[in-house]
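Contents: one structure, followed by commentary.
Numbering of residues begins at 1 and proceeds along the displayed sequence. On a predicted model such as this, the values are computed, not experimentally measured, just so you know.
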Amino acid sequence: MSTASGFDTNEENSHSKPNLLSRMLVATGGSDHSLSALRFALHLARNTSKQVDAIVVEDLLFSPGTVYTHGETLTKLVQQAERLANRIGNEIENNVRHIAKDYGVSVEVLRKTGRVIDVLLNACSDYSLILLGKRGCRPDVKEMLGTNAELVVRRTDKPILLAPNKFHAPAKIIVAYGGMEMGTHTLEMGFTIGNSLDLPVEILIAAPDEHSQSKIKQRSEQCLNYDSSKTRFDYDTDDPATAILKRATPDTLMIMGAYGHSRIHRMVLGSTTEQVIHKYEGPLLLSRK
């Protein structure tokens with residue numbers, strides 16, 4: 001049976017494929033980007049009663065130079081760091097709960113201690129969608145793409161949503177579809193979110209000529225039976241990265257596959273993916289399947 005969301009939702013498939021929004025994990029440490037990711041998850045969950053967990057990581061690792069700073073012993077430094085991390089964690093947790101209350105969504109806050117990337121990667125396997133701030137979890141992270149966010153994108157096969165520094169409710173959903181087998185998953189994600197938010201889905205096909213564009217469109221039609229009233233196609237003869245980036249707006253959710261030509265190693269990202277994740281200024285949802 002097909003729904004208006006555009007893909008097969010018969011009982012057999014519903015058991016074999018968990019819904020993208022069934023269990024969401026947000027990494028938050030108080031930065032604008034991580035709170036934007038939180039708001040994105042809450043926006044997706046507010047009308048669906050889906051589960052949202054927010055993970056707060058207390059990273060207590062020390063560099064060798066801090067062991068005897070000002071004559072303090074390592075034990076005392078650790079105790080001070082633990083108290084500071086706990087106080088910061090309490091502030092973050094209270095802020096998360098306050099924001100969630102505004103959305104009318106119940107959030108479970110998970111407090112973890114350890115190296116941020118290790119904690120996030122260990123947690124990913126239990127969730128259907130991971131939401132991260134594009135420039136890291138901490139307020140003092142200034143890189144274009146935070147180290148932890150980039151490592152999670154490269155090392156997990158879970159869908160990842162990278163949020164910009166300010167949340168805007170999506171007004172448009174675009175799926176960049178290249179016709180490859182793995183692109184089917186990006187279409188499914190687009191229609192799932194489009195159905196949840198009651199938004200149409202635009203399928204972007206970037207190919208050098210009309211013949212190539214037509215072949216890719218035919219592949220998409222073979223993959224999914226979509227509602228034509230809620231779906232439109234957009235074509236571009238530029239390379240995929242250029243086509244995607246020139247459609248970037250703060251309220252446009254772009255969905256694309258994050259993979260290269262090689263399937264040997266899951267850490268491989270294609271050049272198109274790397275260009276987009278570093279330059280796209282709106283919310284970006286990446287599929288690693």
Side-chain angles (χ1 to χ4, degrees), residues 2-9 13 16-22 24 40 44 124 127-132 134 152-154 156-163 170 172-197 199-207 212-213 215-227 230-236 238-248 252-263 266 268-277 279-280 282-289:
S2 295
T3 69
S5 63
F7 59 92
D8 194 346
T9 58
N13 280 350
S16 61
K17 287 184 179 180
N19 188 291
L20 174 71
L21 307 180
S22 61
M24 294 179 276
F40 213 107
L44 291 172
C124 282
Y127 293 89
S128 58
L129 176 63
I130 314 301
L131 297 97
L132 305 171
K134 189 175 180 183
V152 173
V153 170
R154 290 180 181 275
T156 184
D157 60 358
K158 297 289 184 174
I160 305 283
L161 192 148
L162 297 174
K172 191 173 187 179
I173 298 172
I174 299 179
V175 178
Y177 181 68
M180 292 183 290
E181 179 182 349
M182 288 187 288
T184 303
H185 192 242
T186 63
L187 291 172
E188 292 174 346
M189 294 196 305
F191 288 125
T192 296
I193 294 179
N195 188 51
S196 175
L197 300 180
L199 289 174
V201 175
E202 181 175 295
I203 300 174
L204 171 62
I205 297 175
S212 300
Q213 294 170 358
K215 288 180 65 177
I216 294 173
K217 181 184 179 183
Q218 288 176 9
R219 290 177 196 153
S220 73
E221 292 171 334
Q222 293 167 359
C223 294
L224 302 169
N225 294 316
Y226 47 81
D227 183 347
K230 293 187 175 182
T231 309
R232 67 176 295 266
F233 286 86
D234 188 19
Y235 304 95
D236 202 305
D238 273 327
D239 64 271
T242 301
I244 290 170
L245 291 172
K246 68 185 183 183
R247 287 164 172 79
T252 296
L253 172 61
M254 181 65 67
I255 303 174
M256 65 178 291
Y259 37 76
H261 297 294
S262 171
R263 302 185 189 181
R266 65 182 177 180
V268 174
L269 295 179
S271 59
T272 296
T273 307
E274 293 203 343
Q275 289 182 63
V276 174
I277 63 177
K279 296 179 181 179
Y280 194 81
L284 179 65
L285 177 54
L286 304 170
S287 168
R288 294 307 314 269
K289 294 184 178 180

Item to complete: Return the set of residues passing side-chain contact (heavy atoms from CB on, under 4.5 Å) with Leu199 (not counting sequence neighbours), or none when no residue passes.
Response: Pro170, Ile173, Leu197

Fill in: Nearest atoms (heavy-atom pairs only) where Val152 meets Thr156
O-CG2, 2.9 Å

Worksheet item: Which atom pair, heavy atoms only, marks the closest approach of Ile216 to Ala207?
Response: CD1-CB, 4.0 Å

Practice prompt. To the nearest 0.5 Å, tell me how far Asp238 CG sits from Ile244 CD1.
Written response: 11.5 Å

Worksheet item: Can you tell me how far the CD atom of Glu221 sits from the CZ atom of Phe233, to the nearest 0.5 Å?
Response: 5.5 Å

Worksheet item: What's the spacing between Thr184 OG1 and Arg219 CZ if we round to 0.5 Å?
Response: 10.5 Å

Worksheet item: With Tyr280, which residues qualify under side chain to side chain donor-acceptor pair (under 3.5 Å), at least two apart?
Response: none

Response to the item:
When every non-hydrogen atom of Pro240 is compared with those of Thr272, the smallest separation belongs to CB-CG2, 3.9 Å

Discussion item. In the structure I gave you, are the side-chain heavy atoms of Val175 and Phe191 within less than 4.5 Å of one another anywhere?
Written reply: no

Item to complete: Could you tell me whether the side chain of Thr252 and the main chain of Ala248 form a donor-acceptor pair under 3.5 Å?
Response: no

Practice prompt. To the nearest 0.5 angstrom, please state how far the CD1 atom of Ile255 sits from the CG atom of Leu204.
Written response: 12.0 Å

Item to complete: Give a yes or no on whether the backbone of Leu20 and the side-chain of Ser128 come within a donor-acceptor separation of less than 3.5 Å.
Response: yes

Practice prompt. Measure from the side-chain N and O atoms of Lys134 to the backbone N and O of Ile277, and report whether any donor-acceptor pair falls under 3.5 Å.
Written response: yes

Fill in: Heavy-atom side-chain proximity of Lys217 to Tyr235 below 4.5 angstrom
yes

Worksheet, complete the sentence: Minimal heavy-atom distance between Leu187 and Ser220, with the atoms involved, is CD1-CB, 4.1 Å

Worksheet, complete the sentence: With Met256 as partner, the option from Thr186, Leu285, Thr273 fulfilling side-chain contact (heavy atoms from CB on, under 4.5 Å) is Thr273

Worksheet item: In Å, rounded to the nearest 0.5 Å, how long is the span from OG1 of Thr192 to NE2 of His185?
Response: 8.0 Å

Discussion item. Going by the rule salt bridge (Lys or Arg N to Asp or Glu O under 4.0 Å), which residues pair with Asp234 if we only count those two or more places apart in sequence or in a different chain?
Written reply: Arg247

Worksheet item: CD1/Ile193 to CG/Leu161 distance, rounded to the nearest 0.5 angstrom?
Response: 7.0 Å

Worksheet item: Sequence neighbours excluded, which residues qualify as salt bridge (Lys or Arg N to Asp or Glu O under 4.0 Å) partners of Lys172?
Response: Glu202

Worksheet entry | With Ser196 via side chain to side chain donor-acceptor pair (under 3.5 Å) - residues at least two apart | none

